[in-house]
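Hydrogens, waters and symmetry mates are skipped; everything else that's a heavy atom, side chains included, is used. Each chain gets a letter, A, B and so on, in the order its sequence line appears, and its residues count up from 1.
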Amino acid sequence: MESSSIMEQAVKIDSTYCGECINCITVCPFEAVTLNKDKNQVEIDPEKCQACGICYGSCPSGAISSAYYDIRALLEQVKNGLESGRSALAVTCRGSAPEPEELAEIAGVGSPDDLINILLPCVGRVPGEFYLKAISEGVQKIAVVPCGTDYCRFGKGSIVAIAKALMLKNLINQFGYDRNAIIIQPNEIKIDINPYKCIGCGNCEYVCPKDAPYLVSPGVAEVHDEKCMGCGRCISVCPAFAINLKGSDYKSISNLIGTLSGSTADKPSLLVFCCSWCEYDALDAPITYEDVDVKFIALPCSGRVDELHVLEAYQRGFDGVLVVSCKDSSCRFAEDGTAAETKDKVRKIKKKLDSMAVGGERLDICLTYPNYIRQFEPQLRVFADGIKKLGKTQL
Amino acid sequence: MIIVEQKPLEEILGYLKPYKKVLVVGCDGCTQPPRSLREAKSMAMQVEMGSKLEKKDITAKATTLVKQCCKDSVAGLGEMLEGVEAIVSMACGAGVQTLAEAFHPLPVFPAQNTMFIGSAEHNQGDLVEKCQACGDCLLGYTGGICPVALCAKGLMNGPCGGCYQGKCEVTKEVTDDQGNVTTIQNDCAWFMIYERLRDQGRLDLFKTYRPMRDARVSSSPRSIKWA
Amino acid sequence: METKAFSNLMKAIMDGKFVYTGELEPHKTADITDVVEWATTLKNTGKIVAANVTDNPQSMASISSLAASYVIQRDSGLEVVYQLRCSDRSRMALFSDLLGASMLGLRNVLSLTGDHPATGDAPQSKPVFDLDSAQLVELVHNMVYEKKDYAGNEIHGPDIQLNVGGVANPGLDPVEPEVIKVARKAHAGADFIQTQVIFEVEAALNFLDMLAEYTDVPVLMGIFPPRSYGQASFFDKFVTGVTVPKDLLDTFKKFKEIEDKAKRKEKVDEYNITYFVDFIKEIRKKKNSAGCHIMAVGYPDVIAPIITGAEGK
């Protein structure tokens, strides 16, 4: 599935407000922001931009705009939360989000219900101003939960987030607040391998883009912890279900499919396996259609798409499955991208579906760039129409 | 490792026509690609969904064994077999036969074609043949490159006249699962042997004439006394 | 061990003569009249001492080379070199065919590995390769000199009278592994070596020199006077290890422009004669160079002039 609509950038710069402070150039992990000396203006190269938003969070003059997680939208969330009686705020990277209970403990509140939980791709994108405004709105405590500095999928996001939070701690202290009103607690979600289940096949070692797992005698895999970036590709090929990754292991996703498959009696239903690093809008506020039921499951990477889960989706009553993957250069894990591999995986499953009572046309892959907005929905609609035409499966 | 390739689902469903309760048994042993619990689960789902095409309703459970070719360990299937009318084995031919013998009269069907003994060329994602289990290992004379498995003619005194610039005269057409056909020209095993021995300063081995082999060591069926 | 000469070919070689052999190719048919005719033509040149009868060349099965060899030798009077490949026969079949050959009065056998069936017209066929060409040479050698079969069992009755040759491809790149392999064949008992076609005289001389370092087995260098540009470029492009010099190709390309067929042929013949007379004159300077194997199937006109030219001083 290829997108055809006009490409609109997610992160843009308005030179009328830009003071050429070059903060954005310094923080951009992808060398996408440059100073055009001829025009004396700062520019963003849409081909290099990965829409991490770190420049947005670092711009002192509001010249940079972001289609996702704009400060007004974030503050809106805070206000709503405060109105519903929540007093603490957690700002968490979706790449390493702790369980709700764990998060409540980090923030020092009794229950997850006391938390206004803001989950976003990279905490580094949040402007300092946001934290101050949140405090001034009445937030008592802020837990800043970025990834560990070496675990940031955008390279510099975590460092920027931590530096910003440290500075704010001092700042609020000078204003008379408790410095501990801001808590910084980096988190990482990495795989672990159960040596009692591992059969030592080496599949994980083969597929890992970071060379994290490795085989040791007598035939079990271990992990170079520091190398694992949590994409979960290995889990989708582990023959023995020996690899665990919090929230993305076989059972968790399997259970989720079961839960999501509940309400699909009369209309065709779709399940979308979506990479967490693109289509943020769709993941935060899932798209709904009148005529087709659409459910989303966020994966740490499209490489985590699992043949078993796809087959299970049909068995549980879904009529179509769509896999959303970042286009090559946008992959947060593999230099040469995951899309090609995922495409291959999808193609192989399609072939199997053809010889079952499902049909390969009920599975597709959709490639998107996170740095261009509004690319996904039209593709989803086309796929949904296709499934609508096919109707329910024979299962 | 023993290289296997899954049979078309149609063939497997064909075997299962008379049955409704099936057990798919994976093998944690030496099959490559691995055919353990994951693959058994997938096969079970494929069988279940595939059977619907024929308006049938097969129930397929999945389990796995450490080594299907080990008579003692297959007994562990025990309870899993309750009510089961047929077994689908994900193992190599040795595993299938061990199950078939152990659980006779329960029918056991192969889900794989057993291809060869080989290794994984990870950079290309290919599995390639390395050994024909000929029973008379020559690798000590040939620089660790097997002319039995890697020379198309299995020559003892190569290379033949079909070797040019290190390539074999034999090409094979490989069709991938998308139907694309690529022609692969193999490397000449004897040329590789020559290069390796030359680089190791052991060309004397290459100069040695190798007499006719005794084919009895590779004549089936073979068995050896182990214990 | 003293080499015994059973064939006229081997006798001539051992007498130190520079010999010429030709090529005969039976087809996928039960009729070999045309091949016998060609053998008669070769015989009538008076300069060809023997001719090879091919065995399923390019792995396309044709009439049995044993049967064809016998009939050709009987009907044309030209001595044959019975070719035998390992692709299609186990050691037992090879051995029994060799007994038959000796009985039928065939005196030369040429051992070949043979093309892989996958390269021929029946890629579905199961390749045999129980033996390779060096081992087949050894089998013949043991039959002749030890009166033993493949397993060391005794052969009863009359002595086996066969001279066995091996083949070589001197144009291979790199040529060293080929040279070593040919040396192994000599070691296994090859009486002579016939080579694949070669056009480049430098490569031919180099091969002879390299081989001489290992063995003094006599070599008959293979040549092929092409009848047309198409034929020459076919060899250049498709025959493993054969490179046709650019000069020759260019000249033949120019000949294509000559419209008058007879004139064109005259030019081609003239070129071939000059080219190969020079070629042979060069190679026969080498001590282990024992002759030429001229593979000019269906092109008799140049054979006699080439040989006469090469024999003149």
So, the part of Ile193(B) with a heavy atom under 4.5 Å from chain C: the answer is neither
Comparing Gly162(B), Cys163(B), Gly154(B) against chain C, the one with the most heavy-atom pairs below 4.5 Å turns out to be Cys163(B)
Comparing Pro177(C), Gly171(C), Ala183(C), Pro127(C) against chain B, the one with the most heavy-atom pairs below 4.5 Å turns out to be Pro177(C)
So, the part of Leu139(C) with a heavy atom under 4.5 Å from chain B: the answer is both
Practice problem: Count the heavy atoms of every other residue, nucleotide or ligand shown that sit under 6.0 Å from CE of Met60(C), and state whether that count exceeds 12. | Solution: yes
Practice task
Inspect the surroundings of NZ in Lys56(B) and state if more than 12 heavy atoms from other residues, nucleotides or ligands are less than 6.0 Å away.
Solution key: yes
Cut-off 4.5 Å, heavy atoms of chain B, and the answer for Leu172(C) is both
Extract the chain B to chain C donor-acceptor pairs under 3.5 Å, no hydrogen or angle test applied.
from      : atom 1 : to        : atom 2 : distance (Å)
Ala152(B) : O      : His116(C) : NE2    : 3.3
Lys153(B) : NZ     : Gly114(C) : O      : 2.6
Met156(B) : N      : Asp132(C) : OD2    : 3.0
Asn157(B) : N      : Asp132(C) : OD2    : 2.6
Asn157(B) : ND2    : Asp132(C) : OD1    : 3.4
Asn157(B) : ND2    : Asp132(C) : OD2    : 3.1
Gly158(B) : O      : Arg184(C) : NH1    : 3.1
Gly158(B) : O      : Arg184(C) : NH2    : 3.1
Pro159(B) : O      : Lys181(C) : NZ     : 2.9
Gln165(B) : N      : Asp173(C) : O      : 3.1
Gln165(B) : NE2    : Asp173(C) : OD2    : 3.0
Glu169(B) : OE2    : His116(C) : N      : 2.7
Tyr194(B) : OH     : Glu176(C) : OE1    : 2.3
Phe206(B) : O      : Arg184(C) : NE     : 2.8
Phe206(B) : O      : Arg184(C) : NH2    : 2.8
Tyr209(B) : OH     : Glu138(C) : OE1    : 2.7
Arg210(B) : O      : Gln135(C) : NE2    : 3.0
Pro211(B) : O      : Gln135(C) : NE2    : 2.9
Arg213(B) : O      : Arg91(C)  : NH1    : 3.1
Arg213(B) : O      : Arg91(C)  : NH2    : 2.7

If you define the side chain from C-beta out and look only at heavy atoms, does anything of Phe129(C) sit under 4.5 Å from Cys151(B)?
no
The interface call for Cys168(B) against chain C, heavy-atom contacts under 4.5 Å, is neither
Review point. For Glu10(B), does the CD atom sit with more than 12 other heavy atoms under 6.0 Å from it, leaving out its own atoms?
Key: yes
